[in-house]
Amino acid sequence: MTKSIGNKHEAQHRGKKERQEIRRTNIAREAVKMAEARAKYRNQVKGRPQMDLAATA
């Protein structure tokens, strides 16, 4: 069963420090995702499969 906190949204019950911590972790998680996506598509040789590039790197 879910937590019952009345009719308020759960985020309204978080403290300021907890909200800031969640925001920081979300930003860090997004930065990691973006870095992985950039690395995936950077410096690819045209016509060469992705696995060949990963093996040489």
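By the 4.5 Å heavy-atom criterion applied to side chains, Gln20 and Lys16 are counted as neighbours.
Taking Glu30 as the reference, Lys33 meet the salt bridge (Lys or Arg N to Asp or Glu O under 4.0 Å) condition, with sequence neighbours excluded. Scored by the side chain to side chain donor-acceptor pair (under 3.5 Å) test, Arg38 finds no partners at all (sequence neighbours excluded). Applying the side chain to side chain donor-acceptor pair (under 3.5 Å) rule to Arg14 yields the partners Glu18; only residues at least two apart in sequence or on another chain are considered.
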Residue pair Asn26, Arg29: steps toward the side chain to side chain donor-acceptor pair (under 3.5 Å) verdict: CA-CA 5 Å; Asn26 288 345; Arg29 191 177 299 129; 3.1 Å; yes

